[in-house]
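Quick notes on the structure that follows.
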Amino acid sequence: MNLYKYVSDAINEKLGFAANLEIPRNREFGDFSTNAAMVGAKLAHKNPRELAGEILPKIQELDFVDAATIAGPGFINIKIRDDFILKNATAPAPYKNETPLVIDMDYGAYNVAKSLHIGHLRTSIVGDTLNRIFRFMGHKTISYNHMGDWGRSMGMVIAWIKRIHPDWPFFQNNFDANMDLSKYTFSPSELNTFYPQASALAKQDEKFMDDVHTITAELQRGHPGYNALYNIFMPISLKSMHDTIHKLNILPFDNDLGEKNAALYEAPVEKLLREKNLLVESDGAEIVVVKRDTDTAPMPPVMFHNSRGATTYDATDIMAIYYRKLTDNPNKIIYLTDSRQSLHFEQLFRIAELTGLFDTKNLEHIGYGTINGADGKPFKTRSGNAADLDDIIQIATDAVRARASENNKELDDDTIDTIAIAALKFNDLIHDLRSDYIFDPDSVTSFEGKTGPYVLYTAVRLNSVLKRATNTPKLNNHILLPDERNLLMTIMDFDRTIQSAYENRATDMIANYAYNLCQLINAFYHSCPILRDDIDDDTKQSRLYITKIARDTLVTTTDLMGLKIPDKM
RNA sequence: GCGCCCAUGGCUCAAUUGGAUAGAGCAACAGAUUUCUAAUCUGUGGGUUGCAGGUUCGAGUCCUGCUGGGCGCGCCA
């Protein structure tokens, strides 16, 4: 049950006004605490403690209250009856929402022909967990991998291939799309080298850059050879993305639809902008002015067509809204990107408002912080590049393998991968997503304390106990030991946590809850033997029941984080 | 220049959005296994929350001003 809500509602009803219910930081004060008397005292010009004295008897009458006392400047501290806890403790279940929202979620946003790197870690992991939270709350989400699959970077890749294979048929005037093209292919790793090389060359070779622009424009206009080539490397790249997110246990995207798909809606969006007289010519480009008189911050115009007539990502993002409205007609669109793109989304949302395309209050940008190295600058490899996600996963995997062999544990490869992924993901999720954090490979692979492996280990322990048990889990009425009581109270706090995580879009609340739950589970595990021979059957049954709902609650949180639990570790 | 964000033990991060004695992990030190997995548990030391004011019953949190850092500001995404 949602204990917090139950207690809060009961107190509010009893008092006849909305009191603020808190869980004291220092649990010695009780299970709950309200500052109703202090708030009320200000309005009524009364002494807070005196007012608390008037409120106190009413609270003491409530059937779940064991004791209620006045403390400090006027707090009323409440302790819940043990039998009430015993009667109502259950594991959480997904919500049945009677008015579910349709939510389009835009995260991931991988680039075709570029390997996933550390910059994609948070958008993937946090986006996936937010998606799972929304679904748990009973909403319908539609996830979009809004790929960079149609812009200048595609021109770069094709220009590079043209440079190294000028004799290939895609580049000949007599190109025949019906010929057998099966021998023109690339390995994923080979493909991923093209863009960086092309990009480096374009910076110093103006002629090559001109080629890139020409090829990009021709590709977008339907050049048969370039499009045939695109259709060869695009699936290779897509598969490579899928492999990586599969390793990370990220839910498959409902749509791998990016800029190319959005670009199909250029004409209707342009028409809409022209109808509203929003397109303005400026330096050969067509722009939309989004600045308001009240703005104090810089607010540059939005580029719809650049001076070469091409559309930029500002434009394709408008088209994507148009497309999603047409197909999903969502209640909300939520974007998860690096917080450095905040201005872009502010501009985008203003255009949605100016065109009447989408209600601005239902467009939401969640900006996450940068992952930095020990020097406080964005995390780089020793050679100065953004670290590949696959390489980071490999480092974690090697560390798990080393740790397992240190402890003389024989674990299969799947288990080792599972533990490594949990270490990476949990480390990401435990941080406030809006803040930067420092990624330290040594601490991520230490697996001690507040880590993913700790969480998995705790779940494995509980599963192991439940597997051995012959008694039926059943909660018998007994006096709760402190470690049993603390654990049950935290289990009953799950609903408040996920509600808060949902409202605040705060994935770290789930991770912190999971860690806190594990600490209490391990304390319970140590101080309360479950299956030992000298434990009587009633106690065994009770502790098995606690073990079971603790395991179920923990599994719910690990599911939300997309962590798998191994059979042993 | 304009705007946004940040500053908390040696290190990495919390703090129920204004609540009570600022908490965890790592690192250091001292302990725990005839017992369900020691990737565990128990304990010890470590703080003038960058600085100076202000608001009120009450401030790490809100306001003002400094100092120091990060980020953004038309044809990259």
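Lettering of chains follows the sequences in order, A, B, ..., and the numbering in each one begins at 1.
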Give one of base, sugar-phosphate or nothing for [X], where a contact means two heavy atoms less than 4.0 Å apart.
{"X": "I23(A)", "answer": "base"}
{"X": "S443(A)", "answer": "nothing"}
{"X": "S33(A)", "answer": "base"}
{"X": "P48(A)", "answer": "nothing"}
{"X": "A71(A)", "answer": "base"}
{"X": "V460(A)", "answer": "base"}
{"X": "D432(A)", "answer": "sugar-phosphate"}
{"X": "L531(A)", "answer": "base"}

Rounded distance in Å - [atom1] ([X]) to [atom2] ([N]):
{"X": "D295(A)", "N": "C2(B)", "atom1": "CG", "atom2": "C1'", "value": "12 Å"}
{"X": "N77(A)", "N": "U16(B)", "atom1": "CG", "atom2": "C1'", "value": "15 Å"}
{"X": "Y515(A)", "N": "A15(B)", "atom1": "OH", "atom2": "P", "value": "15 Å"}
{"X": "I371(A)", "N": "G70(B)", "atom1": "CD1", "atom2": "P", "value": "19 Å"}
{"X": "D442(A)", "N": "G25(B)", "atom1": "CG", "atom2": "P", "value": "20 Å"}

Q) Between R505(A) and Y502(A), is NZ or CZ placed under 6.0 angstrom from the six-membered ring centre and within 45° of the ring axis? A)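 Yes, a cation-pi geometry.
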Strictly below 4.0 Å: does [X] bring a side-chain N or O up to OP1 or OP2 of [N]?
{"X": "R340(A)", "N": "C71(B)", "value": "no"}
{"X": "K450(A)", "N": "C13(B)", "value": "no"}
{"X": "Y313(A)", "N": "A77(B)", "value": "no"}
{"X": "S446(A)", "N": "C26(B)", "value": "no"}

Residues [X] and [Y]: side-chain donor-acceptor under 3.5 angstrom:
{"X": "H117(A)", "Y": "N385(A)", "value": "no"}
{"X": "T415(A)", "Y": "D412(A)", "value": "yes"}
{"X": "S237(A)", "Y": "Y110(A)", "value": "no"}
{"X": "Q519(A)", "Y": "Y515(A)", "value": "yes"}

[M] and [N], which share atom name [atom1], separated by this distance in whole Å:
{"N": "C36(B)", "M": "G19(B)", "atom1": "P", "answer": "44 Å"}
{"N": "A15(B)", "M": "C6(B)", "atom1": "P", "answer": "12 Å"}
{"N": "C5(B)", "M": "U42(B)", "atom1": "P", "answer": "39 Å"}

Q. Which way is the base of U17(B) turned, syn or anti, if we draw the line at 90° from 0?
A.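 Syn.
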**Q.** Under 5.5 Å and under 30°: F75(A) stacked on A20(B)
**A.**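 According to the criterion (under 5.5 Å, under 30°), yes, F75(A) stacks.
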Q | Side-chain donor/acceptor contact of T312(A) with base of C75(B) under 3.5 Å | A |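 Flag unset: no donor-acceptor pair detected.
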Q | Side-chain-base donor-acceptor pair under 3.5 Å for D436(A) and G70(B) | A |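 It does not, because no donor-acceptor pair links the side chain of D436(A) to the base of G70(B) below 3.5 Å.
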Q. RNA chain B: N522(A) or I430(A), which has the more 5' nearest nucleotide?
A.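 It is I430(A) whose nearest nucleotide is closer to the 5' end.
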Q: Between G60(B), G3(B), U21(B), spot the one nearest the side chain of N26(A), thanks.
A: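 Looking only at heavy atoms from C-beta outward on N26(A), the closest nucleotide is U21(B).
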**Q.** Nucleotide nearest Q341(A) (side chain, heavy atoms from C-beta), chosen from A77(B), U12(B), C36(B)
**A.**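 Among A77(B), U12(B), C36(B), the one nearest the side chain of Q341(A) is A77(B).
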(Q) Quick check on the 6.0 Å ring-centre criterion: do Y313(A) and H344(A) meet it? (A)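 They qualify: ring centres under 6.0 Å apart.
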